Amino acid sequence: MADTKREIERKYESDDSGLPDLTGVAGVDAVVDKGVAHLDATYYDTADERLAAASITLRRRTGGADAGWHLKFPVAPNVRDEIRAPLSDTLPPVLAGLIRSRVRDAEVLPVVRLRSDRDVSELVDATGRVLAEVSVDAVHAERLTGAGGTAQWTELEVELADDGDPAFLDKVDKRLRKAGVRPSGSASKLARALTETAPKKKRGKGRPTTPLPVTAGDHVLAYVREQRDTIVALDPAVRRDVYDALHRMRVATRRMRSAFRSYAKVLDRAVTDPVGEELKWLAGELGVGRDSEVLAERLTASLDGLPRTLVIGPVRGRLRRWATDRRGGSRRRLTGVLDSARYLALLDTLDALVDEPPLLKAAGGTPEKVIAKAVRKDFGRLAETVEAALALDPGTERDLALHEARKKSKRARYSAEAAVGALGDRASALVKSMKSVQTLLGDHQDSVMARQTLRELSAVAHAAGESAFTYGVLYGREEQRAAAAEGALPVAWRGITEATDI
(Lines give C-alpha, C1' and ligand atoms only; values in the text may rest on other atoms or scores of the structure.)
Protein backbone atom coordinates (compact mmCIF):
# COMPACT_ATOMS: atom_id res chain seq x y z
CA MET A 1 0.00 0.00 0.00
CA ALA A 2 1.35 3.45 -0.97
CA ASP A 3 -0.12 6.93 -0.64
CA THR A 4 0.64 9.96 -2.80
CA LYS A 5 0.97 13.51 -1.52
CA ARG A 6 1.51 16.62 -3.64
CA GLU A 7 4.29 18.59 -1.97
CA ILE A 8 4.57 22.32 -2.69
CA GLU A 9 7.44 23.89 -0.81
CA ARG A 10 10.31 26.34 -0.92
CA LYS A 11 13.73 26.04 0.66
CA TYR A 12 15.85 28.86 2.04
CA GLU A 13 19.16 29.47 3.75
CA SER A 14 20.32 32.20 6.06
CA ASP A 15 23.34 33.33 8.00
CA ASP A 16 21.16 33.15 11.10
CA SER A 17 19.79 29.87 12.43
CA GLY A 18 16.44 31.08 13.75
CA LEU A 19 13.03 31.64 12.21
CA PRO A 20 12.21 35.25 11.27
CA ASP A 21 8.97 36.74 12.57
CA LEU A 22 6.23 35.73 10.14
CA THR A 23 3.22 37.17 11.96
CA GLY A 24 3.33 40.10 9.55
CA VAL A 25 2.53 37.91 6.54
CA ALA A 26 -0.93 38.71 5.14
CA GLY A 27 -3.44 36.13 6.35
CA VAL A 28 -1.29 34.78 9.18
CA ASP A 29 -2.87 35.22 12.59
CA ALA A 30 -0.36 33.19 14.60
CA VAL A 31 2.79 31.12 14.38
CA VAL A 32 2.26 27.95 16.41
CA ASP A 33 5.33 26.15 17.76
CA LYS A 34 4.98 22.39 17.18
CA GLY A 35 8.25 21.34 18.78
CA VAL A 36 11.38 19.63 17.49
CA ALA A 37 11.40 16.36 15.55
CA HIS A 38 14.49 14.21 15.19
CA LEU A 39 14.64 12.69 11.70
CA ASP A 40 17.00 10.00 10.44
CA ALA A 41 16.85 9.34 6.69
CA THR A 42 18.89 7.05 4.47
CA TYR A 43 18.77 7.91 0.78
CA TYR A 44 19.09 5.19 -1.86
CA ASP A 45 20.34 5.27 -5.43
CA THR A 46 22.40 3.29 -7.91
CA ALA A 47 26.17 3.46 -7.74
CA ASP A 48 26.17 5.92 -10.64
CA GLU A 49 23.35 7.97 -9.05
CA ARG A 50 20.75 7.59 -11.79
CA LEU A 51 17.87 8.71 -9.58
CA ALA A 52 19.67 11.86 -8.47
CA ALA A 53 20.45 12.68 -12.11
CA ALA A 54 16.69 12.68 -12.75
CA SER A 55 15.94 14.72 -9.57
CA ILE A 56 14.23 11.69 -8.04
CA THR A 57 14.76 10.91 -4.36
CA LEU A 58 14.21 7.62 -2.56
CA ARG A 59 14.62 7.45 1.19
CA ARG A 60 13.82 5.41 4.27
CA ARG A 61 13.16 7.72 7.21
CA THR A 62 12.44 7.25 10.87
CA GLY A 63 11.22 9.93 13.25
CA GLY A 64 8.50 12.52 12.72
CA ALA A 65 4.88 11.93 11.83
CA ASP A 66 5.50 10.29 8.45
CA ALA A 67 8.15 7.64 9.11
CA GLY A 68 8.47 5.17 6.25
CA TRP A 69 9.70 4.95 2.68
CA HIS A 70 9.34 8.09 0.55
CA LEU A 71 9.80 8.35 -3.21
CA LYS A 72 9.67 11.84 -4.71
CA PHE A 73 9.19 12.78 -8.37
CA PRO A 74 9.60 16.34 -9.69
CA VAL A 75 6.42 17.87 -11.11
CA ALA A 76 7.37 21.54 -11.53
CA PRO A 77 9.73 23.98 -9.82
CA ASN A 78 9.14 23.64 -6.05
CA VAL A 79 6.49 20.97 -6.65
CA ARG A 80 6.96 17.23 -6.16
CA ASP A 81 4.78 14.18 -5.80
CA GLU A 82 5.76 12.10 -2.77
CA ILE A 83 4.72 8.44 -2.77
CA ARG A 84 4.79 6.97 0.71
CA ALA A 85 4.96 3.36 1.83
CA PRO A 86 5.05 1.93 5.38
CA LEU A 87 8.34 1.48 7.17
CA SER A 88 10.05 -1.82 6.38
CA ASP A 89 13.57 -3.21 6.25
CA THR A 90 13.59 -3.61 2.47
CA LEU A 91 12.42 -1.46 -0.44
CA PRO A 92 8.66 -1.97 -0.92
CA PRO A 93 7.84 -3.61 -4.29
CA VAL A 94 5.44 -0.83 -5.25
CA LEU A 95 8.25 1.74 -5.03
CA ALA A 96 10.74 -0.58 -6.72
CA GLY A 97 8.39 -0.73 -9.72
CA LEU A 98 8.20 3.06 -9.93
CA ILE A 99 11.98 3.43 -10.31
CA ARG A 100 12.55 0.42 -12.55
CA SER A 101 12.77 2.38 -15.80
CA ARG A 102 15.64 4.35 -14.26
CA VAL A 103 17.59 1.70 -12.37
CA ARG A 104 16.88 -1.31 -14.65
CA ASP A 105 18.84 -4.23 -13.17
CA ALA A 106 21.30 -2.09 -11.18
CA GLU A 107 21.43 -2.55 -7.42
CA VAL A 108 19.88 0.19 -5.28
CA LEU A 109 22.26 1.07 -2.46
CA PRO A 110 22.37 3.45 0.52
CA VAL A 111 24.26 6.54 -0.67
CA VAL A 112 23.64 9.26 1.90
CA ARG A 113 22.42 9.47 5.48
CA LEU A 114 20.80 12.69 6.67
CA ARG A 115 20.07 13.32 10.33
CA SER A 116 18.04 16.44 11.00
CA ASP A 117 16.74 18.27 14.04
CA ARG A 118 13.60 19.86 12.68
CA ASP A 119 12.08 22.77 14.60
CA VAL A 120 8.52 22.92 13.28
CA SER A 121 6.00 25.77 13.34
CA GLU A 122 2.60 26.17 11.70
CA LEU A 123 1.28 29.36 10.13
CA VAL A 124 -2.44 29.59 10.94
CA ASP A 125 -5.18 32.05 10.06
CA ALA A 126 -7.76 33.60 12.38
CA THR A 127 -9.91 30.46 12.28
CA GLY A 128 -7.02 28.20 13.24
CA ARG A 129 -6.68 26.76 9.75
CA VAL A 130 -3.13 25.77 8.89
CA LEU A 131 -1.80 27.71 5.90
CA ALA A 132 1.72 26.32 5.80
CA GLU A 133 4.29 24.47 7.84
CA VAL A 134 7.64 26.16 8.43
CA SER A 135 10.65 24.28 9.70
CA VAL A 136 14.21 25.13 10.57
CA ASP A 137 16.35 22.07 9.90
CA ALA A 138 19.80 21.52 11.36
CA VAL A 139 21.18 18.90 8.99
CA HIS A 140 24.12 16.53 9.31
CA ALA A 141 24.94 14.67 6.08
CA GLU A 142 27.13 11.61 5.74
CA ARG A 143 28.05 9.97 2.44
CA LEU A 144 27.83 6.20 2.63
CA THR A 145 29.75 5.41 -0.55
CA GLY A 146 33.33 5.91 -1.68
CA ALA A 147 35.64 7.73 0.68
CA GLY A 148 32.65 9.03 2.60
CA GLY A 149 32.50 12.75 3.41
CA THR A 150 30.35 14.74 5.81
CA ALA A 151 28.68 18.13 5.79
CA GLN A 152 26.48 20.26 8.05
CA TRP A 153 24.15 23.14 7.39
CA THR A 154 20.92 24.78 8.50
CA GLU A 155 18.05 25.47 6.13
CA LEU A 156 14.55 26.81 6.33
CA GLU A 157 11.66 25.10 4.57
CA VAL A 158 8.12 26.37 3.94
CA GLU A 159 5.58 23.75 2.83
CA LEU A 160 2.10 24.72 1.72
CA ALA A 161 -0.77 23.04 3.57
CA ASP A 162 -2.89 20.55 1.65
CA ASP A 163 -5.28 22.32 -0.75
CA GLY A 164 -3.61 25.63 0.03
CA ASP A 165 -3.21 28.53 -2.39
CA PRO A 166 0.33 28.54 -3.87
CA ALA A 167 0.15 32.35 -3.97
CA PHE A 168 0.44 32.30 -0.18
CA LEU A 169 4.03 31.10 -0.52
CA ASP A 170 4.81 34.30 -2.45
CA LYS A 171 3.70 36.32 0.56
CA VAL A 172 5.89 34.30 2.90
CA ASP A 173 8.77 34.57 0.43
CA LYS A 174 8.52 38.36 0.39
CA ARG A 175 8.67 38.51 4.18
CA LEU A 176 11.61 36.11 4.40
CA ARG A 177 13.63 38.04 1.83
CA LYS A 178 13.07 41.26 3.78
CA ALA A 179 14.47 39.44 6.80
CA GLY A 180 17.63 38.57 4.90
CA VAL A 181 16.72 34.98 4.12
CA ARG A 182 17.65 33.84 0.60
CA PRO A 183 16.43 30.94 -1.56
CA SER A 184 18.48 27.79 -1.25
CA GLY A 185 21.03 27.10 -3.94
CA SER A 186 20.08 23.41 -3.93
CA ALA A 187 16.82 21.86 -5.07
CA SER A 188 16.80 19.37 -2.18
CA LYS A 189 18.70 18.26 0.88
CA LEU A 190 19.95 15.24 -1.02
CA ALA A 191 21.28 17.35 -3.89
CA ARG A 192 23.20 19.51 -1.43
CA ALA A 193 24.47 16.49 0.48
CA LEU A 194 25.75 14.79 -2.66
CA THR A 195 27.58 17.96 -3.68
CA GLU A 196 29.09 18.80 -0.32
CA THR A 197 30.15 15.27 0.61
CA ALA A 198 31.59 14.36 -2.79
CA PRO A 199 35.30 13.47 -2.93
CA LYS A 200 37.48 16.43 -3.80
CA LYS A 201 38.65 16.20 -7.39
CA LYS A 202 41.60 17.91 -8.97
CA ARG A 203 40.45 20.34 -11.58
CA GLY A 204 42.66 21.15 -14.53
CA LYS A 205 42.15 24.09 -16.76
CA GLY A 206 41.77 21.90 -19.78
CA ARG A 207 41.66 23.06 -23.34
CA PRO A 208 38.69 24.80 -24.89
CA THR A 209 36.81 22.62 -27.31
CA THR A 210 35.66 23.77 -30.70
CA PRO A 211 31.88 23.43 -31.08
CA LEU A 212 30.94 20.77 -33.58
CA PRO A 213 28.91 21.87 -36.60
CA VAL A 214 25.18 21.26 -36.30
CA THR A 215 24.33 18.56 -38.82
CA ALA A 216 21.20 16.78 -39.98
CA GLY A 217 22.19 13.92 -37.69
CA ASP A 218 22.38 16.28 -34.71
CA HIS A 219 18.77 17.39 -35.26
CA VAL A 220 17.41 13.88 -35.72
CA LEU A 221 19.30 12.51 -32.73
CA ALA A 222 18.06 15.34 -30.52
CA TYR A 223 14.49 14.36 -31.43
CA VAL A 224 15.13 10.65 -30.84
CA ARG A 225 16.82 11.38 -27.52
CA GLU A 226 13.87 13.50 -26.44
CA GLN A 227 11.48 10.60 -27.08
CA ARG A 228 13.72 8.15 -25.22
CA ASP A 229 13.82 10.48 -22.23
CA THR A 230 10.04 10.91 -22.36
CA ILE A 231 9.39 7.16 -22.33
CA VAL A 232 11.67 6.62 -19.34
CA ALA A 233 10.31 9.62 -17.42
CA LEU A 234 6.65 8.70 -17.98
CA ASP A 235 7.04 5.07 -16.90
CA PRO A 236 6.28 5.72 -13.20
CA ALA A 237 3.40 8.06 -14.08
CA VAL A 238 1.85 5.34 -16.25
CA ARG A 239 2.19 2.85 -13.40
CA ARG A 240 0.48 5.34 -11.09
CA ASP A 241 -2.28 5.95 -13.64
CA VAL A 242 -1.56 9.69 -13.82
CA TYR A 243 -3.93 11.42 -16.20
CA ASP A 244 -2.74 11.43 -19.82
CA ALA A 245 0.59 9.73 -19.00
CA LEU A 246 -0.37 6.59 -20.92
CA HIS A 247 -1.25 8.60 -24.02
CA ARG A 248 1.92 10.67 -23.88
CA MET A 249 4.12 7.62 -23.47
CA ARG A 250 2.46 5.92 -26.41
CA VAL A 251 2.93 9.03 -28.55
CA ALA A 252 6.65 9.10 -27.66
CA THR A 253 7.07 5.52 -28.92
CA ARG A 254 5.29 6.45 -32.14
CA ARG A 255 7.35 9.59 -32.61
CA MET A 256 10.60 7.68 -32.29
CA ARG A 257 9.52 4.88 -34.61
CA SER A 258 8.30 7.45 -37.12
CA ALA A 259 11.63 9.28 -36.97
CA PHE A 260 13.45 6.04 -37.77
CA ARG A 261 11.37 5.61 -40.93
CA SER A 262 11.27 9.26 -42.00
CA TYR A 263 14.99 9.78 -41.55
CA ALA A 264 16.20 6.48 -42.96
CA LYS A 265 18.92 8.37 -44.85
CA VAL A 266 20.30 9.58 -41.52
CA LEU A 267 19.96 6.52 -39.26
CA ASP A 268 20.75 3.06 -40.59
CA ARG A 269 17.54 1.05 -40.86
CA ALA A 270 19.47 -2.19 -40.45
CA VAL A 271 19.85 -1.08 -36.84
CA THR A 272 16.66 0.92 -36.30
CA ASP A 273 14.14 -1.45 -37.92
CA PRO A 274 14.41 -4.10 -35.17
CA VAL A 275 14.15 -1.35 -32.57
CA GLY A 276 11.13 0.03 -34.40
CA GLU A 277 9.42 -3.35 -34.19
CA GLU A 278 9.92 -3.39 -30.43
CA LEU A 279 8.54 0.14 -30.22
CA LYS A 280 5.53 -1.00 -32.24
CA TRP A 281 5.00 -3.82 -29.74
CA LEU A 282 5.19 -1.39 -26.82
CA ALA A 283 2.83 1.09 -28.48
CA GLY A 284 0.37 -1.74 -29.07
CA GLU A 285 0.46 -2.76 -25.42
CA LEU A 286 0.01 0.84 -24.31
CA GLY A 287 -2.81 1.23 -26.79
CA VAL A 288 -4.94 -1.49 -25.19
CA GLY A 289 -5.67 0.78 -22.25
CA ARG A 290 -5.58 4.05 -24.15
CA ASP A 291 -8.10 3.01 -26.81
CA SER A 292 -10.48 1.88 -24.09
CA GLU A 293 -10.08 5.22 -22.28
CA VAL A 294 -10.84 7.21 -25.43
CA LEU A 295 -13.90 5.15 -26.28
CA ALA A 296 -15.27 5.27 -22.75
CA GLU A 297 -14.84 9.06 -22.56
CA ARG A 298 -16.45 9.56 -25.97
CA LEU A 299 -19.46 7.32 -25.33
CA THR A 300 -20.02 8.67 -21.83
CA ALA A 301 -19.99 12.26 -23.14
CA SER A 302 -22.43 11.32 -25.90
CA LEU A 303 -24.75 9.66 -23.41
CA ASP A 304 -24.59 12.68 -21.10
CA GLY A 305 -25.66 14.85 -24.02
CA LEU A 306 -28.90 12.93 -24.64
CA PRO A 307 -32.24 14.11 -23.25
CA ARG A 308 -33.40 11.85 -20.41
CA THR A 309 -36.36 10.74 -22.49
CA LEU A 310 -34.01 9.09 -24.98
CA VAL A 311 -32.12 7.06 -22.35
CA ILE A 312 -34.06 3.83 -22.01
CA GLY A 313 -32.79 0.99 -19.88
CA PRO A 314 -29.58 0.59 -17.83
CA VAL A 315 -27.37 2.03 -20.58
CA ARG A 316 -25.19 4.07 -18.27
CA GLY A 317 -24.53 1.15 -15.94
CA ARG A 318 -23.71 -1.21 -18.80
CA LEU A 319 -21.32 1.32 -20.33
CA ARG A 320 -19.66 1.86 -16.95
CA ARG A 321 -19.19 -1.89 -16.44
CA TRP A 322 -17.77 -2.25 -19.95
CA ALA A 323 -15.27 0.55 -19.30
CA THR A 324 -14.31 -0.81 -15.87
CA ASP A 325 -13.80 -4.35 -17.16
CA ARG A 326 -11.67 -3.19 -20.08
CA ARG A 327 -9.70 -0.77 -17.93
CA GLY A 328 -9.07 -3.21 -15.09
CA GLY A 329 -7.79 -5.91 -17.38
CA SER A 330 -5.63 -3.51 -19.35
CA ARG A 331 -4.08 -2.00 -16.20
CA ARG A 332 -3.01 -5.40 -14.90
CA ARG A 333 -1.62 -6.34 -18.28
CA LEU A 334 0.19 -3.03 -18.64
CA THR A 335 1.96 -3.38 -15.30
CA GLY A 336 3.17 -6.79 -16.43
CA VAL A 337 4.49 -5.31 -19.66
CA LEU A 338 6.43 -2.58 -17.82
CA ASP A 339 7.93 -5.19 -15.51
CA SER A 340 8.88 -7.51 -18.36
CA ALA A 341 12.41 -8.35 -19.44
CA ARG A 342 11.43 -7.44 -23.01
CA TYR A 343 10.50 -3.87 -22.07
CA LEU A 344 13.61 -3.32 -19.95
CA ALA A 345 15.77 -4.71 -22.76
CA LEU A 346 14.13 -2.19 -25.11
CA LEU A 347 15.08 0.66 -22.78
CA ASP A 348 18.67 -0.57 -22.72
CA THR A 349 18.64 -0.76 -26.52
CA LEU A 350 17.38 2.80 -26.80
CA ASP A 351 20.16 3.99 -24.50
CA ALA A 352 22.75 2.23 -26.66
CA LEU A 353 21.26 3.65 -29.85
CA VAL A 354 21.38 7.21 -28.52
CA ASP A 355 24.90 6.80 -27.13
CA GLU A 356 26.30 5.17 -30.28
CA PRO A 357 23.93 6.17 -33.12
CA PRO A 358 24.08 4.25 -36.42
CA LEU A 359 24.69 7.36 -38.53
CA LEU A 360 24.84 7.21 -42.30
CA LYS A 361 26.63 9.56 -44.68
CA ALA A 362 23.65 11.89 -45.00
CA ALA A 363 23.78 12.51 -41.23
CA GLY A 364 26.69 14.85 -41.85
CA GLY A 365 24.79 16.78 -44.49
CA THR A 366 23.20 20.21 -44.35
CA PRO A 367 20.06 20.11 -42.18
CA GLU A 368 18.09 22.35 -44.51
CA LYS A 369 18.69 19.94 -47.38
CA VAL A 370 18.55 16.48 -45.80
CA ILE A 371 15.72 17.15 -43.36
CA ALA A 372 13.56 19.17 -45.74
CA LYS A 373 13.75 16.36 -48.28
CA ALA A 374 12.51 13.82 -45.71
CA VAL A 375 9.63 16.07 -44.65
CA ARG A 376 8.56 16.66 -48.26
CA LYS A 377 8.57 12.92 -48.89
CA ASP A 378 6.30 12.23 -45.91
CA PHE A 379 3.93 15.01 -46.93
CA GLY A 380 3.80 13.64 -50.48
CA ARG A 381 2.79 10.20 -49.20
CA LEU A 382 0.04 11.77 -47.11
CA ALA A 383 -1.24 13.81 -50.05
CA GLU A 384 -1.57 10.72 -52.24
CA THR A 385 -3.45 8.83 -49.51
CA VAL A 386 -5.85 11.67 -48.67
CA GLU A 387 -6.72 12.33 -52.30
CA ALA A 388 -7.28 8.62 -52.97
CA ALA A 389 -9.58 8.37 -49.92
CA LEU A 390 -11.61 11.39 -50.94
CA ALA A 391 -12.17 9.84 -54.35
CA LEU A 392 -13.95 6.84 -52.77
CA ASP A 393 -17.65 6.64 -51.96
CA PRO A 394 -18.60 6.73 -48.26
CA GLY A 395 -18.45 3.27 -46.70
CA THR A 396 -16.10 0.70 -45.27
CA GLU A 397 -13.46 1.08 -47.98
CA ARG A 398 -13.30 4.83 -47.48
CA ASP A 399 -13.18 4.39 -43.69
CA LEU A 400 -10.11 2.19 -44.08
CA ALA A 401 -8.47 4.66 -46.47
CA LEU A 402 -9.11 7.57 -44.10
CA HIS A 403 -7.63 5.57 -41.24
CA GLU A 404 -4.52 5.02 -43.34
CA ALA A 405 -4.42 8.75 -44.04
CA ARG A 406 -4.61 9.41 -40.33
CA LYS A 407 -1.51 7.28 -39.74
CA LYS A 408 0.36 9.07 -42.50
CA SER A 409 -0.67 12.47 -41.12
CA LYS A 410 0.94 11.50 -37.81
CA ARG A 411 4.14 10.52 -39.57
CA ALA A 412 4.21 13.80 -41.49
CA ARG A 413 3.59 15.70 -38.28
CA TYR A 414 6.34 13.91 -36.38
CA SER A 415 8.91 14.37 -39.13
CA ALA A 416 8.02 18.07 -39.21
CA GLU A 417 8.41 18.25 -35.41
CA ALA A 418 11.94 16.87 -35.71
CA ALA A 419 12.62 19.48 -38.42
CA VAL A 420 11.60 22.56 -36.45
CA GLY A 421 15.13 23.20 -35.19
CA ALA A 422 16.47 23.10 -38.75
CA LEU A 423 13.64 24.61 -40.79
CA GLY A 424 12.10 26.98 -38.24
CA ASP A 425 8.70 28.53 -38.98
CA ARG A 426 8.12 26.48 -42.12
CA ALA A 427 8.24 23.25 -40.14
CA SER A 428 6.22 24.74 -37.27
CA ALA A 429 3.48 25.74 -39.70
CA LEU A 430 3.39 22.22 -41.12
CA VAL A 431 3.15 20.74 -37.62
CA LYS A 432 0.14 22.97 -36.97
CA SER A 433 -1.48 21.96 -40.25
CA MET A 434 -0.90 18.27 -39.59
CA LYS A 435 -2.49 18.61 -36.17
CA SER A 436 -5.65 20.03 -37.72
CA VAL A 437 -6.00 17.30 -40.35
CA GLN A 438 -5.08 14.66 -37.76
CA THR A 439 -7.90 15.94 -35.54
CA LEU A 440 -10.44 15.56 -38.35
CA LEU A 441 -9.23 12.10 -39.30
CA GLY A 442 -8.97 11.09 -35.66
CA ASP A 443 -12.54 12.08 -34.94
CA HIS A 444 -13.65 10.07 -37.95
CA GLN A 445 -11.75 6.97 -36.82
CA ASP A 446 -13.02 7.34 -33.25
CA SER A 447 -16.54 7.37 -34.67
CA VAL A 448 -15.84 4.15 -36.56
CA MET A 449 -14.63 2.46 -33.36
CA ALA A 450 -17.48 3.91 -31.30
CA ARG A 451 -20.07 2.51 -33.70
CA GLN A 452 -18.45 -0.90 -33.54
CA THR A 453 -18.57 -0.82 -29.73
CA LEU A 454 -22.18 0.36 -29.74
CA ARG A 455 -23.16 -2.58 -31.96
CA GLU A 456 -21.50 -4.94 -29.49
CA LEU A 457 -23.13 -3.34 -26.45
CA SER A 458 -26.50 -3.30 -28.19
CA ALA A 459 -26.26 -7.02 -28.93
CA VAL A 460 -25.42 -7.82 -25.30
CA ALA A 461 -28.25 -5.61 -24.04
CA HIS A 462 -30.72 -7.20 -26.44
CA ALA A 463 -29.70 -10.68 -25.32
CA ALA A 464 -30.32 -9.61 -21.72
CA GLY A 465 -33.83 -8.47 -22.58
CA GLU A 466 -33.01 -4.76 -22.44
CA SER A 467 -34.02 -2.08 -24.91
CA ALA A 468 -31.46 -1.34 -27.62
CA PHE A 469 -33.12 1.97 -28.52
CA THR A 470 -30.56 4.28 -26.88
CA TYR A 471 -27.65 2.46 -28.48
CA GLY A 472 -29.30 3.10 -31.83
CA VAL A 473 -29.66 6.80 -31.07
CA LEU A 474 -25.99 7.03 -30.11
CA TYR A 475 -25.04 5.10 -33.23
CA GLY A 476 -26.93 7.57 -35.39
CA ARG A 477 -25.18 10.51 -33.77
CA GLU A 478 -21.82 8.87 -34.41
CA GLU A 479 -22.74 8.48 -38.07
CA GLN A 480 -23.46 12.20 -38.19
CA ARG A 481 -20.10 13.03 -36.58
CA ALA A 482 -18.26 10.89 -39.09
CA ALA A 483 -20.12 12.51 -41.97
CA ALA A 484 -19.27 15.96 -40.64
CA ALA A 485 -15.58 15.08 -40.47
CA GLU A 486 -15.63 13.69 -44.00
CA GLY A 487 -17.42 16.81 -45.23
CA ALA A 488 -14.91 19.17 -43.62
CA LEU A 489 -11.84 17.30 -44.85
CA PRO A 490 -11.74 18.45 -48.53
CA VAL A 491 -11.82 22.13 -47.61
CA ALA A 492 -9.27 21.71 -44.83
CA TRP A 493 -6.98 19.68 -47.04
CA ARG A 494 -7.13 22.21 -49.87
CA GLY A 495 -6.10 24.96 -47.45
CA ILE A 496 -3.20 22.89 -46.15
CA THR A 497 -1.83 22.04 -49.59
CA GLU A 498 -2.00 25.70 -50.64
CA ALA A 499 -0.22 26.90 -47.50
CA THR A 500 2.47 24.23 -47.20
CA ASP A 501 5.96 25.56 -47.95
CA ILE A 502 8.63 22.91 -47.34
Side-chain angles (χ1 to χ4, degrees), residues 1-8 51 54-58 66 68-76 79-86 88 91-104 162-163 227-256 279-301 303-304 316-344 346-347 442 446 449-450 453:
M1 177 67 77
D3 298 318
T4 300
K5 181 180 185 299
R6 176 60 56 87
E7 189 178 74
I8 304 176
L51 297 181
S55 299
I56 297 170
T57 60
L58 171 65
D66 62 347
W69 287 88
H70 305 154
L71 176 60
K72 298 188 181 185
F73 290 99
V75 176
V79 182
R80 293 186 294 181
D81 275 347
E82 181 179 274
I83 297 92
R84 300 175 176 176
S88 61
L91 177 61
V94 64
L95 299 189
L98 293 176
I99 61 174
R100 189 160 289 128
S101 68
R102 296 286 182 185
V103 304
R104 315 288 167 77
D162 293 345
D163 301 321
Q227 309 319 315
R228 186 277 311 269
D229 292 346
T230 298
I231 292 170
V232 172
L234 285 174
D235 177 295
V238 170
R239 292 172 185 266
R240 292 166 51 210
D241 200 17
V242 174
Y243 175 74
D244 205 40
L246 181 65
H247 171 60
R248 289 161 56 205
M249 186 174 183
R250 187 186 187 191
V251 168
T253 66
R254 286 176 163 175
R255 281 177 166 143
M256 186 183 292
L279 288 170
K280 181 180 180 180
W281 160 76
L282 178 58
E285 295 292 349
L286 296 173
V288 173
R290 174 58 185 171
D291 292 343
S292 298
E293 286 180 3
V294 170
L295 272 177
E297 291 171 1
R298 184 183 183 97
L299 293 176
T300 299
L303 186 60
D304 290 342
R316 195 174 303 278
R318 186 167 291 284
L319 177 57
R320 189 182 303 114
R321 286 193 298 275
W322 173 85
T324 300
D325 290 345
R326 294 285 295 272
R327 183 173 176 78
S330 64
R331 294 302 307 175
R332 288 189 295 272
R333 178 183 177 87
L334 182 56
T335 300
V337 168
L338 298 182
D339 285 335
S340 70
R342 183 176 182 179
Y343 168 69
L344 296 177
L346 172 58
L347 296 185
D446 288 346
M449 299 306 297
T453 300

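Owing to the predicted nature of the structure, the values given are computational and were not obtained by experimental measurement.
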Checklist outcome for this item: To the nearest 0.5 Å, atom CG of Asp235 lies from atom CZ of Arg100 at 9.0 Å
Item to check | Atom NZ of Lys5 with >12 non-hydrogen neighbours under 6.0 angstrom | outcome: yes
Item to check | Thr324 side chain to Arg321 backbone, donor-acceptor under 3.5 Å | outcome: no
Next on the checklist: Are Ser101 and Pro236 packed together at the side-chain level, in the sense that at least one heavy-atom pair is separated by less than 4.5 angstrom?
Outcome noted: yes
Checklist entry - With a 4.5 Å limit on heavy-atom distance, are the side chains of Thr57 and Leu51 in contact? => result no
Checklist entry - Please walk me through it: do Arg228 and Ile231 pass side-chain contact (heavy atoms from CB on, under 4.5 Å)? => result CA-CA 5 Å; Arg228 186 277 311 269; Ile231 292 170; 5.8 Å; no
Item to check | Salt bridge flag under 4.0 Å for residues Arg240 and Asp81 | outcome: yes
Next on the checklist: Measuring only between side-chain heavy atoms, which start at C-beta, is Val232 closer than 4.5 Å to Arg104?
Outcome noted: yes
Next on the checklist: Quick check for you: to the nearest 0.5 Å, what is the distance between Leu234 atom CG and His247 atom NE2?
Outcome noted: 11.0 Å
Checklist outcome for this item: Rounding to 0.5 Å, atoms NE2 (His70) and CZ (Arg80) come to a distance of 11.5 Å
Item to check | Atom pair CG (Leu295) and CH2 (Trp322), whose distance is rounded to the nearest 0.5 Å | outcome: 4.5 Å
Next on the checklist: For a side-chain contact (heavy atoms from CB on, under 4.5 Å) check, start with the C-alpha distance between Leu98 and Phe73, then their side-chain angles and the critical distance, and finish with the verdict.
Outcome noted: CA-CA 10 Å; Leu98 293 176; Phe73 290 99; 4.1 Å; yes
Checklist entry - Does Asp339 pair with Arg239 as a salt bridge, N-O distance under 4.0 Å? => result yes
Checklist entry - Looking at Trp281, is Arg342 sitting on its ring face, NZ or CZ under 6.0 Å from the six-membered ring centre and within 45 degrees of the normal? => result yes
Checklist entry - Taking it one step at a time, do Asp66 and Glu82 satisfy side-chain contact (heavy atoms from CB on, under 4.5 Å)? => result CA-CA 11 Å; Asp66 62 347; Glu82 181 179 274; 4.2 Å; yes
Item to check | Least distance between heavy atoms, Leu334 atom then Glu285 atom | outcome: CD1-O, 4.4 Å
Item to check | Ser88 backbone acceptor or donor facing Trp69 side chain under 3.5 Å | outcome: yes
Item to check | Any Leu58 side-chain heavy atom under 4.5 Å of Leu91 side chain | outcome: yes
Checklist entry - Can Asp163 and Arg6 be said to form a side-chain contact (heavy atoms from CB on, under 4.5 Å), step by step? => result CA-CA 9 Å; Asp163 301 321; Arg6 176 60 56 87; over 6 Å; no
Checklist entry - Say you draw a straight line from CG of Leu347 to CZ of Arg102; how long is it, rounded to the nearest 0.5 Å? => result 10.0 Å
Item to check | Expected output: side-chain Thr253 to main-chain Arg250 donor-acceptor under 3.5 Å | outcome: yes
Checklist outcome for this item: Separation between CG (Leu71) and CZ (Arg84), nearest 0.5 Å, reads 12.5 Å
Item to check | Heavy-atom side-chain contact between Val294 and Met449 under 4.5 Å | outcome: no
